[in-house]
Amino acid sequence: MNNYEKIKEVINRSGIIATDVSKELFKLSLSERENAIFDVAIASYLLEPSLGNHSLSKMSLKYLSRPFPSLPKNPSEDELSGCVSLRASILLALYPILKEELDRRELGRIYYNVELPLSSVLARMEERGVLVDTEFFKEEGKRLKKELQGYEERIYKLAGMKFNLNSPKQLSYILFEKLGLPKIKRTKTGVSTNQEVLEKLVPYHEIVELLLQYRETEKIRSTYIDALPELVENGRVRTKWCQTTTATGRLSSIKPNLQNIPPTVREGFVAPPDWVLLSSDYSQIELRIVASLSGDKNLKEAFERNEDIHTRTAALVLGIPEELVGKKEREMAKMINFGIIYGMGAYGLSRRLGISVEDANLFINAYFRTYPGVKEWVENTVREATEKGYTTTILGRKRYFESVKGADIRAAINAPVQGSAADMIKVAMVNIDKALSNKKSGMIIQVHDELVLEVTEDELTEVSDIVKREMERAVSLGVPVVCDIKVGKNWGRMEKLEKNSHGLHRLN
DNA sequence: CCGATCACGC
DNA sequence: CGTCGACGTGATCGGG
């Protein structure tokens with residue numbers, strides 16, 4: 001037996017306690033059964049998701065009141081083994097405490113049924129990586145550079161001088177001192193030059209429109225087109241899927257962050273020859289969850305009718321037939337629906353809609369008259385967060401609050417909604433991974449309500465069925481759950497996959 | 001190195 | 001008084 005096999009044997013016989021690295025253990029196939037691993041970071045995350053980072057040093061202080069020893073510089077062999085065994089003893093001591101606490105707070109189920117299995121799914125996604133079309137990035141880089149040079153020259157001419165376009169401070173001197181444009185909003189340190197402000201300044205000066213275009217293009221160039229190819233290895237990027245960073249239960253992604261790629265850049269993520277990318281996204285999942293959590297009769301009915309939810313909301317709130325709902329009315333309803341998910345306030349809504357706070361209040365009242373169950377749910381959720389000190393998702397994930405006031409009110413309303421959606425897609429990921437275990441196809445990206453898979457052409461029909469089924473049935477909401485499936489050679493240009501009596505075919 | 005500003009996604 | 005929709009990651013500037 002070699003060392004690798006020895007380690008593997010011990011792990012599978014006795015189990016192992018790990019932190020953060022459980023994904024690495026899965027990658028090395030060191031664990032044959034998931035439950036052989038106890039990951040203290042994931043446990044700590046479920047106990048206190050807002051903590052931010054779940055380093056051993058933090059956990060050691062919090063749960064054992066002991067400092068976690070750092071490795072000395074140039075240690076002797078004795079020092080090194082002493083430090084390492086001390087660290088191991090801390091890891092070992094954390095295990096019973098965290099495990100017991102998980103059970104006591106009824107977080108054991110989500111730990112064993114969702115997060116731990118998910119950890120190995122994420123390991124496989126990291127291993128597979130995502131194929132990148134480096135040629136696309138090269139060409140786009142050239143094109144954007146040219147475009148930016150054009151903006152730059154024209155902006156300098158209009159400003160009457162050169163300056164650093166990427167410096168908000170220098171820009172604000174140009175706009176508000178040199179050109180004398182009105183100061184619309186302040187920041188802590190000066191006058192704001194953000195997009196919202198610039199849009200209001202467009203009528204005052206020709207330069208503003210160019211600045212908006214410059215900003216947009218420069219963002220794409222610097223953040224995506226230039227930075228991404230740096231992370232490509234053997235044609236693929238391998239993002240790190242972070243399982244213990246968000247306060248609500250969502251995943252996050254770093255190096256690169258694949259969860260904020262703009263549509264134009266998505267074209268650079270591709271399928272190999274004879275493969276396609278398949279994307280499946282939940283339609284209106286967070287509003288469906290609001291319907292489910294609140295049990296509101298009208299909101300549930302709106303989804304059961306399978307109509308456009310914003311149009312339906314507008315019709316109900318305004319008391320007019322759906323045929324008479326115009327673009328403006330629909331947009332209004334969309335904003336309110338969106339606001340609900342984020343713990344809507346009259347002020348925020350008034351700003352989004354460009355109306356007075358009084359009018360925004362009228363709309364909110366009309367909304368709550370339409371969906372009285374939602375109003376009740378919002379009030380109950382805030383009350384519960386205050387009384388119990390935490391909110392809960394459909395699968396029992398908790399987020400803790402010290403006191404529920406100010407921004408925490410909105411966070412407390414949002415947490416069960418966003419968190420339940422996270423629960424749901426995580427369950428789907430675990431089940432999809434299992435269902436695809438003997439196939440070549442596999443998941444590569446998750447963007448909160450969207451899953452992207454790399455699929456061989458011959459597995460397409462079967463895989464799309466599995467993905468749709470597992471996403472829609474991951475958790476029973478008591479309202480319809482719908483996923484839309486798209487397919488393409490890259491992540492940017494995809495076509496809807498529709499099912500008909502003859503099987504599957506692509507539209508267009 | 002770090003806070004501030006800005007901007008991308010959901 | 002000004003802020004002010006939830007949750008993230010990252011590029012860049014500019015001061016320490």
Side-chain angles (χ1 to χ4, degrees), chain A residues 49-50 52 163-172 184-199 211-212 214-228 230-231 239-266 281-287 289-290 335-353 357 360 364 378 381 391 399 401 405-422 425 445-452 491:
Chain A
S50 314
F163 63 101
N164 186 343
L165 282 166
N166 295 326
S167 162
K169 197 179 164 190
Q170 294 183 31
L171 178 60
S172 102
I184 291 179
K185 205 173 94 180
R186 283 195 53 84
T187 66
K188 272 182 200 167
T189 57
V191 190
S192 174
T193 66
N194 70 16
Q195 193 172 353
E196 197 189 334
V197 167
L198 292 184
E199 269 157 14
L211 286 167
L212 281 164
Y214 174 86
R215 278 252 173 96
E216 191 181 339
T217 310
E218 171 62 8
K219 171 73 179 177
I220 302 285
R221 189 198 61 81
S222 66
T223 308
Y224 303 101
I225 299 298
D226 270 17
L228 239 144
E230 304 283 317
L231 298 165
T239 194
K240 186 177 178 200
W241 295 103
C242 307
Q243 206 178 346
T244 59
T245 54
T246 71
T248 52
R250 276 185 174 183
L251 295 177
S252 71
S253 150
I254 56 170
K255 287 198 321 181
N257 180 357
L258 291 182
Q259 294 183 312
N260 71 345
I261 307 289
T264 55
V265 183
R266 291 188 176 195
D281 70 299
Y282 282 116
S283 153
Q284 302 293 348
I285 189 63
E286 293 190 330
L287 272 183
I289 281 166
V290 170
M335 285 295 175
I336 306 184
N337 276 330
F338 212 25
I340 279 292
I341 293 165
Y342 292 152
M344 174 161 60
Y347 180 83
L349 186 66
S350 73
R351 284 199 49 184
R352 286 289 182 288
L353 291 174
V357 177
I364 292 173
V378 166
T381 303
T391 58
R399 175 171 176 182
F401 293 90
K405 51 179 198 277
D408 277 357
I409 295 173
R410 296 187 290 276
I413 297 166
N414 176 258
V417 181
Q418 196 182 105
S420 296
I425 198 167
I445 300 170
Q446 189 252 45
V447 196
H448 311 309
D449 64 355
E450 173 187 16
L451 288 178
V452 183
W491 190 18

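Each chain gets a letter, A, B and so on, in the order its sequence line appears, and its residues count up from 1.
- Pairing each heavy atom of Ser252(A) with each of Thr246(A), the nearest pair is CB-CG2, 4.2 Å.
- Among the protein residues, Arg351(A) comes within range of no part of the nucleic acid, since none of its heavy atoms lies under 4.0 Å from any strand.
- For DNA chain B, the residues of residues 246-254 of chain A within the heavy-atom distance limit of 4.0 Å (strictly under) are Arg250(A), sorted by number.
- When heavy atoms are screened at a 4.0 angstrom cut-off, Pro416(A) is found touching no nucleic acid atom at all.
- When both distances must be under 3.5 Å, the Watson-Crick or G-U wobble mate of dC2(B) is dG14(C).
- Note on Glu199(A) versus Lys185(A): no salt bridge recorded, every NZ/NE/NH1/NH2 to OD/OE distance being 4.0 Å or above.
- In terms of phosphate contacts, Arg399(A) brings a side-chain nitrogen or oxygen within less than 4.0 Å of OP1 or OP2 of dC7(C).
- A side-chain donor-acceptor contact under 3.5 Å links Asn166(A) and Tyr214(A).
- The separation between Asn194(A) atom CG and dC4(C) atom P is 11 Å, rounded to whole Å.
- Across all strands shown, dG8(C) pairs with dC8(B); the Watson-Crick or G-U wobble distances both stay below 3.5 Å.
- Separating the CD1 atom of Ile425(A) from the C1' atom of dC7(C) is a distance of 15 Å, rounded to the nearest angstrom.
- As judged by a 4.0 angstrom heavy-atom cut-off over every strand, Leu349(A) is placed among residues making no nucleic acid contact.
- Rounded to an integer number of Å, the gap from NZ of Lys405(A) to C1' of dT3(C) is 16 Å.
- Across the protein-nucleic acid pair, Phe338(A) atom CZ and dA6(C) atom C1' stand 9 Å apart, rounded to whole Å.
- Atoms CD1 and CD1, on Ile285(A) and Ile425(A) in that order, are 8.5 Å from each other to the nearest 0.5 Å.
- Reading DNA chain B from its 5' end, the first and the last nucleotide to sit under 4.0 Å from a heavy atom of chain A are dA4(B) to dC10(B).
- Between Asp408(A) atom CG and dA6(C) atom P the separation is 10 Å, expressed in whole Å.
- At a threshold of 4.0 angstrom between heavy atoms, the contacts of Gln195(A) are confined to the sugar-phosphate backbone, with no base atom among them.
- Projected onto DNA chain C by closest heavy-atom contact, Thr187(A) and Asn257(A) fall at different nucleotides, the more 5' of which corresponds to Thr187(A).
- No more than 12 heavy atoms of other residues, nucleotides or ligands lie within 6.0 Å of NZ in Lys240(A), so this atom counts as exposed by the packing criterion.
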Could you run down nucleotides 11-16 of chain C 5' to 3' and tag each one B, S or - for protein heavy-atom contact under 4.0 Å?
SSSSS-
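- When each of dG8(C), dG5(C), dA6(C) is scored by its nearest atom to the side-chain atoms of Asn260(A), the top-ranked nucleotide is dG8(C).
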